[in-house]
Amino acid sequence: MGSKKRRKMKALVINCSPVRNGATAEMVKIVSEELKEKYEVKSICIDDYKIEFCKGCRTCHETAKCNLKDDFLSAVKEFENADVIVSCAPSYWAAVPGQFKVFLARWTPWCTTHDPTAKLLTGKKGYSIVQRTGPGMHECERLIQTIEHFYGHLEIECAGRLGFTSVENKEDLLKHKAELVEFCRNI
C-alpha cells in the first residue's frame with residue numbers, strides 16, 4: 001500500500017505597505033525565502049488589490065456580506081487558503097499604512113463582534129513583523145497591537161511578533177536579517 005502524501009501547509013506573507021521595493025518589501029522577500037522549505041508560500045502586496053473604503057452601511061451586520069464590488073474578496077481567498085499569515089508592516093505616522101487600514105476595515109463581515117458572521121477556516125496562526133524609522137519600540141508595539149486586534153477578531157491565533165527600529169531603507173533592514181531569519185525558524 002502506498003502512503004498518502006501530506007499536504008504542505010500554506011503561508012501567506014503580506015506586504016502591508018503599498019511600496020513594492022522598500023524595506024517592508026525586502027522583509028517580505030526574506031520571510032518568504034526562509035519559509036519556502038517548510039511551507040508553500042504566497043506573497044502579496046496590499047497594493048495588488050483595488051479595495052474601496054468601507055461605507056459604514058452596516059449591511060454586513062445583518063447579512064455577513066459586503067455590498068461593495070472590488071478586489072477585496074480576492075484577498076479574502078488568499079487568507080482562507082493560508083494556514084499561516086505573516087503581516088509585514090511599516091509605520092506611517094505611528095500607525096499601519098492607510099491602504100492596509102482600509103483593508104482591515106473591510107473585514108467586518110468576518111469579525112466575531114456580531115451575528116451572522118462569515119467565518120474563515122479555523123486553526124490559522126498569525127505573525128506580525130513591523131518596522132519604523134525612529135529609535136523607540138513604542139510605535140512598533142502600536143502596529144503590532146493593530147495587527148493582533150485584527151487577527152483576534154478573525155480567530156487567527158497570534159503566534160509571534162517582531163519589531164525593528166531605525167529602519168529607513170533596505171540596507172537598514174539587512175542589519176537585522178539574522179534576527180529576522182531566526183524569527184522565521186519559529187513560524
Side-chain angles (χ1 to χ4, degrees), residues 9-51 53 71-72 75-76 78-79 81-107 124-154 156-187:
M9 291 179 66
K10 296 180 180 182
L12 176 66
V13 184
I14 180 170
N15 179 352
C16 302
S17 166
V19 180
R20 296 172 185 273
N21 61 356
T24 305
E26 186 67 23
M27 186 184 308
V28 167
K29 181 179 165 188
I30 293 167
V31 170
S32 297
E33 186 66 28
E34 290 301 315
L35 296 181
K36 75 178 185 181
E37 295 256 342
K38 187 175 178 182
Y39 298 97
E40 181 181 321
V41 179
K42 172 113 188 224
S43 301
I44 61 173
C45 178
I46 196 65
D47 203 45
D48 291 343
Y49 305 92
K50 181 174 174 18
I51 300 173
F53 292 101
D71 295 339
F72 182 71
V76 170
E78 298 297 348
F79 271 68
N81 291 332
D83 300 295
V84 168
I85 298 156
V86 183
S87 297
C88 300
S91 173
Y92 281 24
W93 287 97
V96 294
Q99 294 87 338
F100 188 61
K101 179 66 175 95
V102 168
F103 175 73
L104 297 180
R106 292 289 302 282
W107 280 90
K124 297 180 185 306
K125 292 186 182 223
Y127 297 83
S128 308
I129 307 173
V130 302
Q131 51 94 6
R132 69 173 296 233
T133 59
M137 278 301 289
H138 64 282
E139 206 168 289
C140 287
E141 288 297 325
R142 288 179 66 173
L143 274 68
I144 290 168
Q145 288 170 358
T146 297
I147 295 167
E148 289 183 348
H149 181 82
F150 164 63
Y151 287 161
H153 279 294
L154 298 179
I156 296 170
E157 177 189 344
C158 298
R161 53 172 43 200
L162 183 62
F164 298 114
T165 61
S166 303
V167 177
E168 180 71 35
N169 53 46
K170 289 182 199 181
E171 292 75 25
D172 293 336
L173 178 70
L174 292 176
K175 295 173 190 172
H176 301 285
K177 185 174 180 180
E179 188 178 355
L180 187 54
V181 167
E182 182 61 31
F183 180 79
C184 289
R185 288 189 180 124
N186 295 314
I187 296 178

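In this structure, SG on Cys184 lies 10.5 Å from NZ on Lys38, to the nearest 0.5 angstrom. Atom-to-atom distance recorded for Asn169:CG and Asp172:CG is 4.0 Å, nearest 0.5 angstrom. For the atom pair CD (Gln131) and CD (Glu139), the distance works out to 10.5 Å, reported to the nearest 0.5 Å. The CD atom of Glu157 lies 11.0 Å from the CD atom of Glu148; values are rounded to the nearest 0.5 Å. Note that OH of Tyr151 is 10.5 Å distant from CD1 of Ile144, once rounded to the nearest 0.5 Å. For the atom pair CD (Glu26) and NE2 (His176), the distance works out to 13.0 Å, reported to the nearest 0.5 Å.
Using a 4.0 Å cut-off between charged nitrogen and carboxylate oxygen, Arg185 and Glu182 count as a salt-bridge pair.
Annotation: side chain of Ser17 is in contact with side chain of Tyr92 (closest heavy-atom distance under 4.5 Å). Using a 4.5 Å cut-off on side-chain heavy atoms (C-beta onward), Leu173 and Thr24 make no contact. Side-chain contact between Leu104 and Phe100 is present, with heavy atoms from C-beta onward closer than 4.5 Å. Here the side chains of Val96 and Cys16 are not in contact, with every heavy-atom distance at 4.5 Å or above. With a 4.5 Å cut-off on side-chain heavy atoms, Thr133 and Ser91 do not count as touching. Looking at Asn21 and Val19, their side chains come closer than 4.5 Å, going by heavy atoms from C-beta outward. No side-chain heavy atom of Asn186 sits under 4.5 Å from any side-chain heavy atom of Tyr127. When side chains are defined from C-beta on, Val31 does not count as touching Val28, because their heavy atoms never get closer than 4.5 Å.
Atom CD of Glu171 has more than 12 heavy atoms from other residues, nucleotides or ligands within 6.0 Å.
Closest non-hydrogen pair, Ala89 versus Ile147, comes out as CB-CD1, 4.1 Å. Minimum heavy-atom separation, Arg20 to Asp47: NH2-O, 3.1 Å. The two residues Cys140 and Thr165 have their closest heavy-atom pair at SG-CG2, 4.3 Å. Across Val167 and Ala23, no two heavy atoms sit closer than the pair CG1-CB, 3.8 Å. Between Lys10 and Asn81 the shortest heavy-atom distance is CD-O, 3.4 Å. Here the closest heavy-atom approach between residue Lys170 and residue Gly22 is recorded as CG-O, 3.7 Å.
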(request) Decide yes or no on side-chain contact (heavy atoms from CB on, under 4.5 Å) for Ser87 and Ile14, but give the supporting numbers first. (result) CA-CA 5 Å; Ser87 297; Ile14 180 170; 3.6 Å; yes
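With sequence neighbours excluded, the residues satisfying salt bridge (Lys or Arg N to Asp or Glu O under 4.0 Å) with Arg106 are Asp70. Checked against salt bridge (Lys or Arg N to Asp or Glu O under 4.0 Å), Lys42 has the following partners two or more places apart in sequence or in another chain: Glu78.
Side chain of Asn15 to backbone of Cys45: no donor-acceptor contact under 3.5 angstrom is found.
Among Phe79, Tyr49, Phe53, Trp107, the one residue that satisfies the ring-ring contact (aromatic ring centres under 6.0 Å, His included) test with Phe72 is Trp107.
A distance of 6.0 Å or more separates the ring centres of Phe183 and Phe164.
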